[in-house]
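Working notes for the structure below.
Chain identifiers are assigned alphabetically (A, B, ...) following the order of the sequence lines, protein sequences preceding nucleic acid strands; residue numbering begins at 1 within each chain.
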2 protein chains.
Amino acid sequence: MRLSRKAECGTRALLQLAANYGKGVVPLSDIAAREGISVKYLEQLMMPLRKAGLVTGTRGALGGYSLKKPPWEIRIGELLRALEERLEPTDCSGDLPSCERSGRCKARPLWVHLSRAVQRALDELTLQDLLRQGPPVSD
Amino acid sequence: MRLSRKAECGTRALLQLAANYGKGVVPLSDIAAREGISVKYLEQLMMPLRKAGLVTGTRGALGGYSLKKPPWEIRIGELLRALEERLEPTDCSGDLPSCERSGRCKARPLWVHLSRAVQRALDELTLQDLLRQGPPVSD
DNA sequence: GGATATCCTATCACCCAACTATGATTTTTC
DNA sequence: GAAAAATCATAGTTGGGTGATAGGATATCC
């Protein structure tokens with residue numbers, strides 16, 4: 001039940017962009033220095049985020065990345081679904097049955113239940129929420 | 001954010017034992033046949049479950065496994081924590097800081113929040129709940 | 001004693017996540 | 001216009017963990 005390092009680093013990178021929202025672009029070299037992640041690796045994380053419409057990159061000198069939407073409109077679930085291709089706990093977490101056993105499988109409802117709990121936990125938070133430290137709805 | 005196959009198969013195996021609770025032991029060969037999992041693999045799943053005090057194995061002919069506690073007293077979180085050594089989404093999900101960045105890390109509260117959501121989702125269900133099909137608190 | 005089952009340890013094989021490397025393209029500065 | 005700075009794209013490598021098998025030791029029933 002581990003989150004990939006891709007998801008972890010991608011989130012941290014986006015938080016850096018969020019902290020700079022409205023103040024221009026941030027080059028990956030800055031984020032790399034602050035977070036201790038290689039530029040090359042960051043580039044790979046930005047690709048799916050760009051395709052998901054969460055960030056825009058401006059090329060050339062003085063270029064960099066910036067959020068495409070304000071931090072309070074970007075849900076954590078949104079960015080993690082872009083970074084983590086398989087966010088569900090198992091293959092049997094979806095609404096429609098996936099394996100031939102699903103009819104009589106007593107465990108399937110559990111995977112669905114767990115998956116929903118995760119989605120809910122991630123979608124109730126935005127980047128903005130994390131910026132002002134401490135999860136707002138922390139039990 | 002995938003659950004290991006170990007956790008998945010282990011849960012299905014325990015559900016078989018739960019279905020037979022109070023009616024004697026179940027040999028792994030039975031579970032193997034019903035769930036399509038090899039006996040040798042099941043053996044490995046039973047080891048941590050036994051150490052966690054969830055099942056007992058009786059050796060010899062007519063032997064097999066049985067639950068050590070009634071199904072309504074075994075929480076899913078309990079068994080998954082036994083099967084999955086690292087159930088937390090990241091290394092930074094615990095209450096005490098793990099990495100040197102944790103002080104200023106804006107992402108850390110997120111991992112804690114997510115971890116708690118998962119634990120809660122798993123601990124609010126018992127094997128018994130799964131036996132009578134359909135998660136009880138499925139929003 | 002033979003059959004059946006759990007218990008225990010070792011080992012293999014493979015997949016994939018985590019990077020690194022290389023290069024192309026675009027834009028700004030001087 | 002050249003050099004530098006940055007994103008964009010893809011290919012390749014490698015280590016570790018997971019899934020699974022193998023073989024045997026131990027215990028129990030008939």
Side-chain angles (χ1 to χ4, degrees), chain A residues 1-13 16-17 20 24-33 35-68 80 83-87 89-91, chain B residues 1-14 16-17 20 24-33 35-68 80 83-91:
Chain A
M1 205 60 182
R2 302 296 277 193
L3 221 44
S4 74
R5 194 168 146 71
K6 209 150 121 186
E8 187 185 329
C9 293
T11 303
R12 280 160 60 196
Q16 292 285 343
L17 293 188
N20 206 58
V25 302
V26 181
L28 291 186
S29 52
D30 276 22
I31 301 178
E35 296 285 344
I37 309 171
S38 89
V39 171
K40 282 304 182 185
Y41 192 48
L42 281 173
E43 285 182 0
Q44 293 201 333
L45 308 184
M46 288 299 127
M47 223 172 309
L49 293 174
R50 188 163 45 84
K51 285 175 184 166
L54 295 180
V55 302
T56 47
T58 49
R59 291 178 163 196
L62 297 193
Y65 281 93
S66 60
L67 292 187
K68 208 170 179 179
L80 284 191
L83 285 167
E84 196 101 340
E85 59 293 352
R86 304 190 310 180
L87 195 54
T90 70
D91 287 330
Chain B
M1 207 62 184
R2 300 297 276 194
L3 221 44
S4 72
R5 191 169 147 74
K6 210 151 122 185
E8 189 185 327
C9 293
T11 304
R12 280 160 60 196
L14 272 198
Q16 292 286 343
L17 293 188
N20 208 58
V25 302
V26 181
L28 291 187
S29 51
D30 276 21
I31 301 180
E35 296 286 343
I37 309 170
S38 88
V39 171
K40 281 303 186 183
Y41 192 48
L42 281 172
E43 282 182 1
Q44 292 202 333
L45 307 185
M46 288 299 128
M47 222 174 307
L49 293 174
R50 190 164 43 86
K51 284 178 183 162
L54 295 180
V55 301
T56 46
T58 50
R59 292 179 164 195
L62 298 191
Y65 281 94
S66 60
L67 291 187
K68 208 170 179 178
L80 284 191
L83 286 167
E84 195 101 339
E85 60 291 354
R86 304 191 307 181
L87 195 54
E88 295 82 31
T90 71
D91 287 330

By side-chain hydrogen bond (donor to acceptor under 3.5 Å, both in side chains), Ser4(A) pairs with (sequence neighbours left out) Glu84(A)
Kindly determine whether Met47(B) and Arg50(B) satisfy side chain to side chain contact (heavy atoms under 4.5 Å, CB included), including the steps that lead there. CA-CA 5 Å; Met47(B) 222 174 307; Arg50(B) 190 164 43 86; 3.6 Å; yes
Met46(B) atom CE is separated from dC7(C) atom P, nearest whole Å, by 10 Å
Verdict with reasoning, Leu87(B) to Leu3(B), per side chain to side chain contact (heavy atoms under 4.5 Å, CB included):
CA-CA 8 Å; Leu87(B) 195 54; Leu3(B) 221 44; 4.3 Å; yes
Exercise. Using a 4.5 Å cut-off on heavy atoms from C-beta on, say whether the side chain of Ile31(A) contacts that of Leu17(A).
Key: yes
- prompt: With a non-hydrogen cut-off below 4.0 angstrom, is Glu85(B) in contact with a base, only sugar-phosphate, or nothing?
  reply: sugar-phosphate
With the side chain defined as heavy atoms from C-beta on, Tyr41(A) is closest, among dT9(C), dA18(C), dA17(C), to dA18(C)
Taken in chain and number order and not counting sequence neighbours, the residues that satisfy salt bridge (charged side-chain N to carboxylate O under 4.0 Å, His left out) with Lys68(B) are none
Rounded to the nearest 0.5 Å, the CG atom of Leu45(A) sits from the CD1 atom of Ile37(A) at a distance of 7.0 Å
Taken in chain and number order and not counting sequence neighbours, the residues that satisfy salt bridge (charged side-chain N to carboxylate O under 4.0 Å, His left out) with Asp91(B) are Arg2(A)
Counted 5' to 3', the first and last nucleotides of DNA chain D within 4.0 Å (strictly under) of a heavy-atom of chain A are dA5(D) to dA11(D)
Note to self: Classify Met47(B) by what it touches in the nucleic acid, base, sugar-phosphate, or nothing, heavy-atom distance under 4.0 Å.
What the structure shows: base
Tell me which donor-acceptor pairs under 3.5 Å the side chains of residues 54-62 of chain A have, and how far apart each pair is, sequence neighbours excluded?
residue  : atom : partner  : partner atom : Å
Thr56(A) : OG1  : Ser66(A) : OG           : 3.4
Thr58(A) : OG1  : Gly64(A) : N            : 3.4
Thr58(A) : OG1  : Gly64(A) : O            : 3.3

Leu45(A) CG to dT20(C) P, in whole Å, measures 12 Å
Readout for nucleotides 21-30 of chain C: B = base within 4.0 Å of protein heavy atom, S = sugar-phosphate only, - = neither; 5' to 3' it is -BB-BBBSS-
